[in-house]
Structure formats: structure tokens, C-alpha cells
Amino acid sequence: MIVAASDPSGKQASQTLLITVTNDKQVTLNVRAFLQGAYVTSTGMMTDNLRLQGIVPMTQPYAPDPMRHSGIETLNPAIAAIEGNDAVVDWMLVDLRNAAQPTSIIKTQAVMLQRDGDLIDPQSGSNNLIFKDILAGDYFVSVRHRNHLGVMTSSAIRLSDATTLVDFTTTATATYGNHARLETAQVSLLWAGDANQSQQLIANGPFNDTNLVLGTVLSNTNNDQANSNYRLYGYLSTDLNLDGITLFSGPGNDINTLLGNVLLHPDNGAFAANYIVNGSLPK
């Protein structure tokens, strides 16, 4: 912007001013996360088996209980066709939560997760996630998935129209609760195994996830022999390793991931099979 001025003698002078316009009614985030079920240690990325099989829903899948997300987000077919490191893995939810009461979710977006851990807008493919009609300020940020335990920042963070990075793939980003993620020396992953979306991992005992996987396999109408090693294809919450197949027993089964997380959890010192891994998101 150029501002001109003149004095009584008629002499003029001008000055160029650089004006930055900010929008205090929206906040912008970059968010990253890894899902344990799809993560491959040797590549440092997740698989995109659901996309390769063409079973990633074109409309966000989180409308039913218990998520009850009312958004109408849809996946751009051009985004779904991208291959390589930026190929989509699955849908996730990103929440902004009240700084004084983190149980209160202020706004949620359904987004796509890429193989490299970036969460992107499902229509534009941008990793700048814009929350409109949200005032700049302090918020907890959380992410949720249909069969992994969700995670949240350890404290409320300052958000504004300027992009803020929240990287849940690194231990440098502190999270709310105790052992909220599966942490290694190299990377942090969301715990897999919450087939019934209870925000708990339970291998044995009441309300366990194991029975849901087994029941889903045995009760399928195409499994007329009621085989526990029947390979049930589809986009299901019981597919804990996100390979597009619900499998109770046999190579590549989904139960081993759940059982391993329960037995080897840092707080399960007795290696008890009936230990309950509680999710860290405030309720």
C-alpha cells in the first residue's frame, strides 16, 4: 500500500507500507499422526491397502455412535487416486477442545491420513487444516480413529490464523495421559485394537474387542462353515491392521496386534491377558 502526503508548499512524499491482514475468526493447523495397525517399520510409513482395494468411503464414516460426527466431508476422487508417500490411508477426526474443559469438543473436522503421517483436507489435499468461525486462542488438539486409541495434546496450545504444527508422530509432542501412544526411539504410534470403539483395548474379559472380531467373522453369511480363519474383506472396524481383511486366526490376523498391545503395555507389569488399556482422551 502506498501512502502519499503533501505539505502547505505543495511538496509531496510517499511511503510504501506493508500491511498484513489476519483473520481472527479462523485457526490453521498442520497435524501429523501414525496408526500402529498400518505402520511398517522398515519403510517408516503406513500402508494404503484400503485405498488400493477401493474400499475407503467417499463420505466421512464417523456419523454413527459413538463418534457422532455430523460433518458432511467427502473425499475428492483425485485425492483418492494419488499414489506413493501421499496416498491416503484412512479417515480420521481432528478436534479442537475447550482449554478449561477438555471434555468439551468445540469443533471437529473429518480429514484424510496420508501414508507419511500428514492429515489433509479431503477435498483440496492441503495439509493446512482450517477451522473457520473459531477465534484465535488456546485449545487442546486431539485426533481420533475408528479402531485406534485417540490422543490429545498434554495442554492447551495457542492457535491462530498462522499455521501451527501438532506432530503426534514424535515423542517431542507431549500428550495427555499416561502412555497415550506406543512410543519407540524413532516414532510414536496410536495404539491399535479398539474394535468396539470403547476407548479401551481389552483382549479378555467383559466388553473385550476379541469377541467382536471373532463374532464378526463367524456370523458373516458367506462364512457358511463358521471358520475362525475365514477372511472377511471390507471396510470394518474389526480390521485392526487396516489391510482390508478381518481375520481372527491365521497368518496376518488382527488379534495378535490387540493381544500384543495388552500384554506388552508399559503399565501391565504382570503381563496379564485381562489387563485393560485405557485410552487417554478425557470423557
Side-chain angles (χ1 to χ4, degrees), residues 33-41 46-47 49-50 55 61-62 64-67 89-93 113 117 142-152 168-169 175-184 187-220 228-283:
F34 280 139
L35 300 176
Q36 179 199 9
Y39 188 76
V40 180
T41 303
M46 293 170 287
T47 61
N49 289 320
L50 302 180
I55 58 176
Y62 291 109
D65 287 339
M67 302 296 197
V89 175
D90 200 3
W91 288 91
M92 291 189 71
L93 296 177
L113 173 66
S142 63
V143 294
R144 292 179 286 160
H145 183 260
R146 59 196 176 88
N147 59 22
H148 286 60
L149 297 182
V151 295
M152 186 178 77
F168 289 112
T169 72
T175 51
Y176 186 88
N178 190 37
H179 301 300
R181 298 165 297 181
L182 170 59
E183 297 184 354
T184 71
V187 70
S188 295
L189 313 167
L190 273 64
W191 294 102
D194 187 16
N196 59 14
Q197 299 180 352
S198 66
Q199 277 299 298
Q200 293 178 316
L201 305 185
I202 307 178
N204 291 283
F207 310 110
N208 69 74
D209 299 282
T210 304
N211 284 348
L212 178 59
V213 176
L214 178 59
T216 300
V217 169
L218 294 180
S219 64
N220 185 264
S228 63
N229 63 347
Y230 180 79
R231 300 169 68 85
L232 177 57
Y233 291 84
Y235 185 83
L236 300 168
S237 65
T238 47
D239 173 22
L240 303 180
N241 59 14
L242 304 183
D243 64 354
I245 306 166
T246 295
L247 183 61
F248 180 78
S249 62
N253 72 75
D254 294 286
I255 296 303
N256 283 349
T257 299
L258 167 63
L259 185 58
N261 284 344
V262 170
L263 292 176
L264 302 176
H265 191 272
D267 288 332
N268 186 9
F271 302 103
N274 63 346
Y275 180 80
I276 296 176
V277 179
N278 289 305
S280 63
L281 292 181
K283 299 178 181 179

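Side chains included, hydrogens not; waters and symmetry mates left out as well; all remaining heavy atoms used. Note that this is a predicted model, so its numbers are computed, not measured. Positions are given from 1, in the same order as the sequence printed here.
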Those residues at least two apart in sequence (or on a different chain) that pass side chain to side chain contact (heavy atoms under 4.5 Å, CB included) with Ser219 are none
Between Ala192 and Gln36 the two heavy atoms that sit nearest each other are N-OE1, 2.9 Å
- Item | Backbone of Val187 reached by a side-chain donor or acceptor of Thr169 within 3.5 Å | no
Of all heavy-atom pairs linking Pro251 and Arg231, the shortest is O-NH1, 4.4 Å
The reported gap from CG in Leu236 to CG in Leu212 (rounded to nearest 0.5 angstrom) is 9.5 Å
All heavy atoms of Pro61 vs all of Tyr235, minimum pair found to be CG-OH, 3.6 Å
For Ser188 and Glu183 the tightest heavy-atom approach is OG-CG, 3.5 Å
Would you say the side chain of Val213 lies within less than 4.5 Å of the side chain of Thr210, judging by non-hydrogen atoms?
no
Any side-chain heavy-atom pair from Asp239 and Leu50 closer than 4.5 angstrom? yes
Using residues 271-283 as the side-chain source, report each donor-acceptor pair under 3.5 Å to any protein atom, sequence neighbours left out, with the distance given to one decimal.
from, atom 1, to, atom 2, distance (Å)
Asn278, OD1, Gln200, NE2, 2.7
Ser280, OG, Tyr176, O, 3.2

| message | Any non-hydrogen side-chain atom of Leu242 less than 4.5 Å from a side-chain atom of Asn147? | response | yes
* **Donor-acceptor under 3.5 Å (Arg181 side chain, Phe168 main chain)** => yes
A side-chain contact here means heavy atoms from C-beta on lying under 4.5 Å apart; do Leu214 and Ser228 qualify?
yes
Separation between OG1 (Thr216) and CG (Asn211), nearest 0.5 Å, reads 10.0 Å
Residues at least two apart in sequence or cross-chain that pass side chain to side chain contact (heavy atoms under 4.5 Å, CB included) with Asn229, listed by chain then number, are Asn227, Ser249
Heavy atoms of Ile55 and Gly244 approach each other most closely as CD1-CA, 4.0 Å
Those residues at least two apart in sequence (or on a different chain) that pass salt bridge (Lys or Arg N to Asp or Glu O under 4.0 Å) with Asp90 are Arg146
Side chain to side chain contact (heavy atoms under 4.5 Å, CB included) with Leu232: of Thr246, Leu218, Ile245, only one passes, and it is Thr246
Side chain to side chain contact (heavy atoms under 4.5 Å, CB included) with Leu149: of Asp194, Asn261, Leu182, Leu190, only one passes, and it is Asp194
Applying salt bridge (Lys or Arg N to Asp or Glu O under 4.0 Å) to Asp65 and not counting sequence neighbours gives Arg68
Correct closest heavy-atom pair for Ala33 and Met46 would be O-CE, 3.8 Å
Using atom types as modelled and distance alone, determine if a side-chain donor or acceptor of Asn208 lies under 3.5 Å from a backbone N or O of Gly205. yes
Would you be so kind as to tabulate the donor-acceptor pairs closer than 3.5 Å made by side chains of residues 252-259, with sequence neighbours excluded?
from, atom 1, to, atom 2, distance (Å)
Asn253, OD1, Ile255, N, 2.9
Asn253, OD1, Asn256, N, 2.8
Asn253, ND2, Gly250, O, 2.9
Asp254, OD1, Leu240, N, 2.9
Asp254, OD1, Asn241, N, 3.1
Asp254, OD2, Leu247, N, 2.8

Only residue of His148, His179, His265, His145 satisfying ring-ring contact (aromatic ring centres under 6.0 Å, His included) with Trp191 is His265
